[in-house]
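So the structure is just underneath, and the comments pick up after that.
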Amino acid sequence: MFHAAFSRFARRLAAGAAALSLAFSLAGCGRSLNSFTWQVEHVPENLDPQLASESPEVIAVTHLFSGLFRKDESGTPQPECAERYERSADGRTYTFHLKDGLVWHTYKDQDASTPVTAADFVFGLQRTLRPETQSPWAESFTTIRNAQAILDGRMDASQLGVSAPDDHTLVIQLEAEDSDLLSKLCLPGAMPCNEAFFQGTGGTYGLGSKTVMANGSFYLYNWTESGLFLRRAASGSLINSLRLVTADAVSSSGSSSDSQSAASSVDAAQQVASGKADAAFYTGTGDVGGLSQTQYAATTWVLAYNCSAPGLSNAAVRAGLSGIAQSVSLELSDLRQPATGLIPPVVQLNGSSYRETVGNVLTSPSDPRQSYRDGLAEAGLTKLGGVTILVPEGESQLVGQINQAWQKELSAFFSVKELSPAELQQQVAAGDYQIALLPLAPSENSPLSLLSQFASGGFSGVSDSGYDALLAQIQAEAAHGCSAERYAQLERALLAQAPITPLFFQADRLVMASGIQGLVFDPFIPSVDVTFATKK
C-alpha cells in the first residue's frame, strides 16, 4: 500500500503545497473588483463540504460555507456562526448560541431568504458521520457521543450526540473531553447542511451551480471548465472576489496567479516580481530577489525499504542500512536540513513545534555493519542482490553519496534509477521496488498523520504487532490530549524497525509582494482563506 502523503506531495510538485495557519502579505494588480486569484490544479468538481478532500474543493467550500468557528491568521478558532458558547464543568457538553440573521444563499445570491438554524448544523454533522457518506472528515469527530458506533454502522445517525433544542441553540455532547473541538468545528465536515434542500437535489447536492445552497460570506458567482468564481458584498478593503482558475486559464487570459508548476516555478517568482501575480508557491532553490518569502518545513524525505522484498524483510538488515545512511553527511541546499525524525517541524502540538519539543529521535544500532551481517545470516543470504534504488528525477547525486557509503561499509552494490514523480509513485504503490527515495508530508497537523500510515499492512509493508498495539493506545489518547513524549515513543518504536530512514526536512516557500494582509494559509491540505484578507 502506498502512502497518500507522497501522492499529495507529488501533486504539490505538479501544481507548483489544530492546523498551522500562516499570515502573508501579498500583492495584486488593480482590478474593478478587489480580487484574489488562486491557481488550482483542477477546477473544483464538487462543492459538498462533507465530501471535500482535494485542495481546490476545500478552498471553495471554506469560502462558500461558514461554520460555528473559523481560524484566524494565527490559527486560533474565532466565533463565526456562533455568538457565544458554554462548556460544562466536565468538558463533555458544549452549548452554542447562533448569531441572529444567518441565512442561506443560492447561485449568484439570487435567494437569501432561508434562515440558517441549529438543525442545519445537526444534519451536517450527521451526514459527516454516516458511513454511506464516506466523508474524509468523519474521523475528526469521533469524540462526539455515539459517533464511532454510527461510523461503524452499529447505530443510526439520529443517535449522534448533537441536538438543537431550538433554532438558535446547538448542543454537542462528547464521549470524553476534547481539547481540539473548537478547531475541529472549523473543518468542512462541521459545516451546516439544509436537509430539505439536500433531499430536494435528488443525489446531486454540490455537483452543479443550481444544487448549491451555502451560508458563507462568499456566494457562487460562476462555475466553468476554466474556473470557479466567488464574490461577496464590497466592504472597505476586504477582498470581495475569489477566483480559482487553472494554469491553462491563467495563461490564455493573462490573469494573475498564485502558483505555478514545479517546472516553471522560477517564472512564477518572476510573475510576482513583475506584479502579474499575487503570490507563487515556489519549489525551486534559486534566489527570489527582493520578494518576501515564508518558509515552512512540511516535508520529510526518506529512504523507504520494501519490507516484503527478499533480505529487506529482515529488520536487522534494514537497521544496518539505515545506520550507515544516517552517518553520511549529505550535501544539502539551504532549504534542506538534516532530519531528526519522521515528523517535520511544521507539525505543532500545544502551540509549539512537535519536532523542537521532542528533539532527535533517530535510532541506529551501535554497529550497523554487524547488524547488517547478522540480518543477512538470519535471512539465509550472503548479500543483497539485484537491488535498485528508485529516486525522483534530479536526486541521483544525493542518493549516490549514501550508495557509496553502503558499498564501502557493507560491500553492498546497488544500482540507482531516476523516475518522474508520477512513475515513482506508481511503482511504489504497486510494491514494485526495493528501496526508494520519497518525500512524505503530513495531511493534517498531528504526528499521527504520518505515524498511523505504518501500521501493519500499510506503507512499506512493515508488520509489527507491538507498534500496532502502541499506535492504537495513542490514537485513543490523542482525542483527549496526548503528550509529545507519547508521540515520540511511537516515533522511536517505528524507527527502531527501520522501514524508513528519514534523511532531511525540506522547506517550501511562498514568495510574495506587498499589498494583501490577513490571508490564512494551511500548509497541510494545502488551502487558503481570504475571509479576513484585505487588499490596499
Side-chain angles (χ1 to χ4, degrees), residues 19 21 33-36 38 40 44 46-52 55-73 77-83 96 98-121 123-125 127-128 137 170 182-195 197-198 201 205-223 227-235 238-244 518-522 525 527-534:
S21 297
L33 289 171
N34 214 14
S35 298
F36 180 79
W38 184 259
V40 292
N46 192 326
L47 300 181
D48 180 346
Q50 273 71 40
L51 293 180
S55 177
E57 283 76 22
V58 171
I59 295 172
V61 301
T62 293
H63 294 87
L64 282 170
F65 290 84
S66 291
L68 294 170
F69 288 80
R70 180 180 295 270
K71 288 189 177 181
D72 63 17
E73 57 190 286
Q78 300 293 343
E80 189 171 33
C81 290
E83 181 72 44
F96 300 93
L98 302 187
K99 294 177 180 178
D100 292 328
L102 300 176
V103 294
W104 292 99
H105 50 73
T106 58
Y107 180 52
K108 292 193 175 181
D109 210 18
Q110 293 172 347
D111 181 7
S113 60
T114 304
V116 176
T117 68
D120 298 326
F121 286 91
F123 185 65
L125 283 168
R127 281 195 63 224
T128 294
W137 309 102
L170 179 74
L182 299 187
S183 291
K184 293 175 181 179
L185 293 176
C186 300
L187 297 173
M191 296 301 104
C193 181
N194 183 283
E195 184 173 6
F197 182 85
F198 174 82
T201 62
Y205 180 69
L207 295 178
S209 57
K210 300 299 178 63
T211 61
V212 175
M213 188 164 76
N215 72 316
S217 57
F218 285 81
Y219 61 87
L220 178 59
Y221 181 77
N222 205 1
W223 191 1
L228 183 89
F229 308 92
L230 310 181
R231 290 187 182 180
R232 64 177 169 181
S235 177
L238 279 175
I239 291 173
N240 58 24
S241 174
L242 175 63
R243 306 170 68 250
L244 304 181
L519 181 67
V520 177
F521 179 72
D522 180 347
I525 293 174
S527 67
V528 290
D529 185 353
V530 303
T531 300
F532 305 124
T534 60

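For the pair P56 and P44, the tightest heavy-atom approach, listed with the atom from each and the gap, is O-CG, 3.5 Å. Of all the heavy atoms in I59 and W38, the pair that sits closest is CD1-NE1, 3.2 Å. Closest approach of F96 and A82 over heavy atoms only: CD2-CB, 4.5 Å. Shortest non-hydrogen contact noted between Y205 and T211 is CD1-O, 3.7 Å. Listed here is the closest heavy atom pair of T128 and G189: OG1-O, 2.6 Å. The nearest pair of heavy atoms linking D120 to N194 is OD1-CA, 3.5 Å.
Counting heavy atoms of neighbouring residues, nucleotides and ligands inside a 6.0 Å radius, atom OH of Y221 does not exceed 12 of them. Heavy-atom neighbours of K108 NZ from other residues, nucleotides or ligands within 6.0 Å: above the threshold of 12.
When the side chain to side chain donor-acceptor pair (under 3.5 Å) test is applied to D111, the partners found at least two apart in sequence or on another chain are S113. Among residues two or more places apart in sequence or in another chain, the side-chain contact (heavy atoms from CB on, under 4.5 Å) test is passed with S235 by L238. Remark: N46 engages D48, L51, L207 in a side-chain contact (heavy atoms from CB on, under 4.5 Å) (not counting sequence neighbours). With sequence neighbours left out, the ring pair (Phe, Tyr, Trp, His ring centres under 6.0 Å) criterion links F123 to F198. For S241, the side chain to side chain donor-acceptor pair (under 3.5 Å) test picks out S35, with sequence neighbours left out. Residues passing the salt bridge (Lys or Arg N to Asp or Glu O under 4.0 Å) test with R70, sequence neighbours excluded: E80, D529.
Considering only heavy atoms from C-beta on, W104 comes within 4.5 Å of P192 through its side chain. Side-chain contact between T106 and V212 is absent, with no heavy atoms from C-beta onward closer than 4.5 Å. At least one side-chain heavy atom of L170 sits less than 4.5 Å from a side-chain heavy atom of L68. Proximity of V61 to M191: side-chain heavy atoms (C-beta onward) are nowhere separated by under 4.5 Å. Between S55 and V40 there is no side-chain heavy-atom pair separated by less than 4.5 Å. Residues T114 and F197 have side chains not in contact (no heavy-atom distance under 4.5 Å, counting atoms from C-beta outward).
Taking CG from D72 and CZ from F532, the interatomic distance works out to 6.5 Å, rounded to the nearest 0.5 Å. Taken from NZ in K71 to OG1 in T62, the straight-line distance is 11.5 Å, to the nearest 0.5 Å. Q78 contributes atom CD, which lies 8.5 Å from atom CZ of F69 (distance to the nearest 0.5 angstrom). Atom CG of residue L187 and atom CD of residue Q50 lie 11.0 Å apart, to the nearest 0.5 angstrom. Between atom CG of residue N240 and atom CG of residue L230 there is a gap of 11.5 Å, rounded to the nearest 0.5 Å. A distance of 10.0 Å separates CG of L228 from OG of S209, quoted to the nearest 0.5 Å.
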For this session: Dump the intermediate steps for side chain to side chain contact (heavy atoms under 4.5 Å, CB included) on W223 and L47, then the final yes or no.
Result: CA-CA 11 Å; W223 191 1; L47 300 181; 3.6 Å; yes
For this session: Kindly determine whether L220 and L64 satisfy side chain to side chain contact (heavy atoms under 4.5 Å, CB included), including the steps that lead there.
Result: CA-CA 7 Å; L220 178 59; L64 282 170; 4.2 Å; yes
For this session: Go through the steps to decide whether L519 and E73 satisfy the test side chain to side chain contact (heavy atoms under 4.5 Å, CB included), and finish with yes or no.
Result: CA-CA 7 Å; L519 181 67; E73 57 190 286; over 6 Å; no
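The main-chain N or O of A52 is found under 3.5 Å from a side-chain atom of W137 such that the two form a donor-acceptor pair. Between the side chain of H105 and the main chain of S217, no donor-acceptor pair closer than 3.5 Å is present. Side-chain atoms of R232 come within 3.5 Å of backbone N or O of I239 as a donor-acceptor pair.
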